[in-house]
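Both backbone and side-chain heavy atoms feed into the values below; hydrogens, waters and symmetry mates do not.
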Amino acid sequence: MIVEERMAAYINSLDRGNTPFLDQLEIEAVQNRVPIIRREMQSFLKVLLLSLRPLNILEVGTAVGFSALLMSEYAPQGCRITTIENYEKRIPIARENFKKAGKEDVITLLEGDAADILKDLDDRYDLIFMDAAKGQYIHFLPEILRLLRTGGVLLSDNVLQDGDIIESHFAVERRNRTIYKRMREYLYTLKHHEQLETAILPLGDGVTMSTKIK
């Protein structure tokens, strides 16, 4: 963890939860070891949605649909959410969850590799939530910037890799070094990109919030 465990536990203990459907979905995801956004990130995302009031949202990385459903609860009426997933085993589960929650008309799930799907999209998005394979963030970025409207927000989750991001290359497990290298490149690019203003926040496992300024 990048935040002291007792502090994170205290902050999360104050959380009032979500809808019964989302609370149950979170329990099932934890039991089945399906990665979903952490409680701290859930709270941050709720406040961000209520503040920004985005009408067009793109999510890269659906998993079982938890975050898309959470966003659908706090986005303004009339908002459209498009979410992309490549893992075949989770796609039918996500679709079923959208159906059970009555959100099929709000959320559109696109199946396949985000690298290919992003190139075919031509809409403009108010908010883009990046929560897919961490080693691919840097490769997705050019298309993400094309799709993000000026003034829009790019939110990227799990960017600090449980603290590994500040370690020496040699201190990181060999199997994680490629992701480590790409994520450091991604963070540097976000902070130095002429089209973006970016804050890196030690929230959950690290999140970046970038606004497209031109």
Fill in: Verify same cluster id: Val106, Ile84 (apolar side-chain graph, 4.5 Å)
no
Worksheet item: What pair of heavy atoms forms the shortest contact from Gly65 to Ala94, and how long is it?
Response: N-CB, 4.1 Å
Worksheet item: Is it true that Asp131 and Lys134 make a salt bridge, defined as a side-chain N closer than 4.0 Å to a carboxylate O?
Response: yes
Discussion item. Taking the side chain as everything from C-beta on, heavy atoms only, tell me whether Tyr125 gets closer than 4.5 Å to Ile81.
Written reply: no
Fill in: Heavy-atom closest pair, residues Gly204 and Glu40
CA-OE2, 3.9 Å
Response to the item:
So CG of Leu109 and CZ of Arg90: to nearest 0.5 Å the spacing works out to 13.0 Å
Worksheet item: Going by heavy atoms in the side chains, are Asn97 and Leu69 under 4.5 Å from each other?
Response: yes
Practice prompt. Could you grab the distance from atom CG of Leu70 to atom CG of Leu49, nearest 0.5 Å is fine?
Written response: 7.5 Å
Worksheet item: Considering only heavy atoms from C-beta outward, does the side chain of Leu110 approach that of Thr83 to under 4.5 Å?
Response: no
Discussion item. With a 4.5 Å cut-off on side-chain heavy-atom distances among I, L, V, M, F, W and Y, is there a chain of contacts connecting Val60 to Met71?
Written reply: no
Worksheet item: So, the side chain of Glu104 versus the backbone of Phe98: is there a donor-acceptor pair under 3.5 Å, distance only?
Response: no
Discussion item. Are Ile57 and Leu50 linked, directly or through intermediate hydrophobic residues, by side-chain heavy-atom contacts shorter than 4.5 Å (ILVMFWY only)?
Written reply: yes
Worksheet entry | Interatomic distance, Ser156 atom OG to Leu201 atom CG [nearest 0.5 angstrom] | 11.0 Å
Practice prompt. Kindly say whether Leu190 contributes a backbone atom to a donor-acceptor pair with the side chain of Thr198 at under 3.5 angstrom?
Written response: yes
Worksheet item: Are Glu185 and Arg182 within salt-bridge range, i.e. N to O under 4.0 Å?
Response: no
Fill in: Heavy-atom pair with the smallest gap, counting every atom of Leu147 and Asp123
CD2-O, 3.4 Å
Which donor-acceptor pairs under 3.5 Å do side chains of residues 17-28 form with protein atoms, sequence neighbours excluded?
| residue | atom | partner | partner atom | Å |
| --- | --- | --- | --- | --- |
| Asn18 | OD1 | Lys46 | NZ | 2.6 |
| Asn18 | ND2 | Gln42 | OE1 | 2.9 |
| Thr19 | OG1 | Leu22 | N | 3.2 |
| Asp23 | OD1 | Asn18 | N | 3.1 |
| Gln24 | NE2 | Glu28 | OE2 | 3.2 |
| Glu26 | OE1 | Arg39 | NE | 3.1 |
| Glu26 | OE1 | Arg39 | NH2 | 3.0 |
| Glu26 | OE2 | Arg39 | NE | 3.1 |
| Glu26 | OE2 | Gln42 | NE2 | 3.1 |

Fill in: Closest non-hydrogen atom pair, Glu85 against Ala63
OE1-N, 2.7 Å
Worksheet item: Side chains of Met41 and Val207: does their closest heavy-atom pair fall under 4.5 Å?
Response: yes
Practice prompt. For the residue pair Val153 and Leu52, establish whether any side-chain heavy-atom pair is separated by less than 4.5 Å.
Written response: yes
Practice prompt. Mind checking the CG-NE2 spacing from Leu187 to His192? Nearest 0.5 Å is all I need.
Written response: 11.0 Å
Fill in: Leu155 vs Leu45 side-chain heavy atoms within contact, under 4.5 Å
yes
Practice prompt. May I have the step-by-step check of side chain to side chain donor-acceptor pair (under 3.5 Å) for Ser67 and Glu59, ending in yes or no?
Written response: CA-CA 9 Å; Ser67 51; Glu59 176 185 52; 2.3 Å; yes
Discussion item. Do Leu154 and Thr211 make a side-chain contact, defined as non-hydrogen atoms from C-beta onward lying under 4.5 Å apart?
Written reply: no
Item to complete: Can you sort out the partners of Glu111 under salt bridge (charged side-chain N to carboxylate O under 4.0 Å, His left out), two or more places apart, ordered by chain and number?
Response: Arg95
Discussion item. Quick one, Leu58 and Leu127 - any side-chain contact, counting heavy atoms below 4.5 Å?
Written reply: no
Discussion item. Enumerate the ring-ring contact (aromatic ring centres under 6.0 Å, His included) contacts for residues 34-77, please, sequence neighbours excluded, ordered by first and then second residue.
Written reply: none
Worksheet item: How many angstroms lie between NZ in Lys119 and CG in Asp113, if you round to the nearest 0.5 Å?
Response: 9.0 Å
Item to complete: Look up atom CZ in Arg146 and atom CG in Leu141, then write down how far apart they are to the nearest 0.5 Å.
Response: 12.5 Å
Practice prompt. Sequence neighbours left out, what pairs pass ring-ring contact (aromatic ring centres under 6.0 Å, His included) with at least one residue falling in residues 129-155?
Written response: Tyr137-Tyr186
Fill in: Asp15: side chain to side chain donor-acceptor pair (under 3.5 Å) partners, not counting sequence neighbours
Ser43
Item to complete: Say whether Leu145 and Tyr188 are linked into one hydrophobic cluster, either directly or through other cluster members, by side-chain heavy-atom distances under 4.5 angstrom.
Response: no
Discussion item. Is it true that Glu197 and Ser210 share a donor-acceptor pair across their side chains at a distance under 3.5 Å?
Written reply: no
Response to the item:
Nearest heavy-atom contact between Ala29 and Ile36 is CB-CG2, 3.8 Å
Discussion item. For residues Leu48 and Ile213: do they belong to one hydrophobic cluster (side chain heavy atoms under 4.5 Å, members Ile, Leu, Val, Met, Phe, Trp, Tyr)?
Written reply: no
Practice prompt. List in chain and number order the residues that pass side chain to side chain contact (heavy atoms under 4.5 Å, CB included) with Pro76, two or more places apart in sequence or in another chain; answer none if no residue qualifies.
Written response: Arg53, Pro54, Leu55, Cys79
